[in-house]
Amino acid sequence: MNAKLETTAASHASPLTLPVTRQTFDEVLVPTYAPAAMVPVRASGLDLWDQSGKHYLDFTSGIAVASLGHCHPALVEALTRQANTLWHLGNGYTNEPVLRLATALTEATFANRAFFCNSGAEANEAALKLARKYAHAKAGEKKSRIVSCFHSFHGRTLFTVSVGGQSKYTEGFEPLPPAIDHIAYNDIEAARAAIGDDVCAVVVEPVQGEGGVVPADAAFLKELRALCDQTGALLIFDEVQCGMGRTGELFAYMGYGVTPDILTAAKALGNGYPIGAMLTTHELAATLSVGSHGTTYGGNPLAATVALTVLDTINQPAFLARVKEASKTLVATLEKLIADYPQVFSLVRGSGLLLGLVVADAFKGRSKDIQRAAEAQGLMVLIAGTEVLRLAPALIVSDAQIAEADRLLRVAVDGLLKAA
Ligand SMILES: *Cc1c(COP(=O)(O)O)cnc(C)c1O
């Protein structure tokens, strides 16, 4: 036995009750993150409590994941039921929950085939591999170029991070996969110049999330569709962050009236239970024949059961109408906040309940400071880069919770202004 394990075993009856703090993170985790000082221990809806019992109003949803709020009763019930029934089989067998989920997703969207995996990166990896293989079979190796946008985010595998448009995430990981080009988001001329016959796929987020909460122009997405049709490239919409009701539509493409060839979803699809999906047509799906792609957990009964329940809850006209209503209330609230604090915030942008507050010049580079000040007041918010405070409350957010978030943010900002 190694010496460290012996010490742990000797001083604690069980690792299950080992006392842990934020400090423990720095001692035992690979430092890929710099988490907040507080450690959340319990949550319900948009309410969350840390180790000391302090309450927070959660306007992050775990980065647009827990869209039905924390510990939603229907999801707890579905997961518990499935946990007592069947966990895992492997891909040598199918299962009822995944068949129901695929049926529901294909009935709800343009797609008629689904592939399941465990994350957004994997869903995009599958989409990109499909596009490469499809073009390879149809036009040969020369049709392999992938076009995506600067400031986009598509995941952290080497392929998806290379397709993502943020060089800070690829630096030091070279050599990167070749034949990937980036254009400015919403730049139609750049798209025309970049998308030629050697392009196999164009990948775009209908609303850029990590890149600063920037919605696509409808004209840009329409032009990408037209260019893909002209050149035989596949249009991939990465709806990992903006899909599953976040914009007030089940998927953002529905609001734009532009249909992709492949759509990727993850994050809110499982409300916190890991699952990703790639949706496409049966013609394109045939590219990924038996044995050409796969993953051990993809379409696992636990994940599929949760996602099916999420989809069933979100994809209701009244639910989606309320998301749009809540969005209007939150936007109006933030516009008033900007009017009252022009020295802190300059504008609000985004779609549905994925909104970015752009910081004003006097607070340039300080989104993190505002985030920390809000947390101290008991409000959890996200950032999207150094210039944008990102709000992504659960889609079940009430008007009273929007008013409370506004109040807490004002107290936080007052504190920052006083300290300046
Ligand atoms: C979060 C995100 C991903 C990556 O998803 P993971 O589950 O972290 O792999 C991909 N695309 C977009 C748009 C995202 O927001």
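Indexing begins at 1, ligand by ligand and atom by atom, following the structure's order. None of these values were measured; they are calculated from a predicted model.
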Under a 4.0 Å threshold between the charged nitrogen and the carboxylate oxygen, would Arg192 count as salt-bridged to Asp187? no
Could you check whether His70 and Asp58, counting side-chain N and O atoms only, form a donor-acceptor pair closer than 3.5 Å? yes
side-chain contact (heavy atoms from CB on, under 4.5 Å) with Met38: which of Lys54, Arg22, Glu375? Glu375
Would you call the rings of Phe110 and Tyr253 parallel, tilted or perpendicular, where under 30° means parallel and over 60° means perpendicular? perpendicular
Ionic contact status for Arg322 with Glu325, cut-off 4.0 Å: no
Side chains of Thr295 and Asn118: donor-acceptor distance under 3.5 Å anywhere? yes
Name each N or O atom in ligand 1 that is under 3.5 Å from a protein N or O, and give the partner atom and the distance.
unit_1, atom_1, unit_2, atom_2, d
ligand 1, 5 (O), Gly120, N, 3.4
ligand 1, 7 (O), Gly120, N, 2.8
ligand 1, 9 (O), Gly120, N, 3.4
ligand 1, 9 (O), Ala121, N, 2.8
ligand 1, 11 (N), Phe153, O, 3.1
ligand 1, 11 (N), Asp238, OD1, 3.3
ligand 1, 11 (N), Asp238, OD2, 2.7
ligand 1, 15 (O), Gln241, NE2, 2.7
ligand 1, 15 (O), Lys267, NZ, 2.6

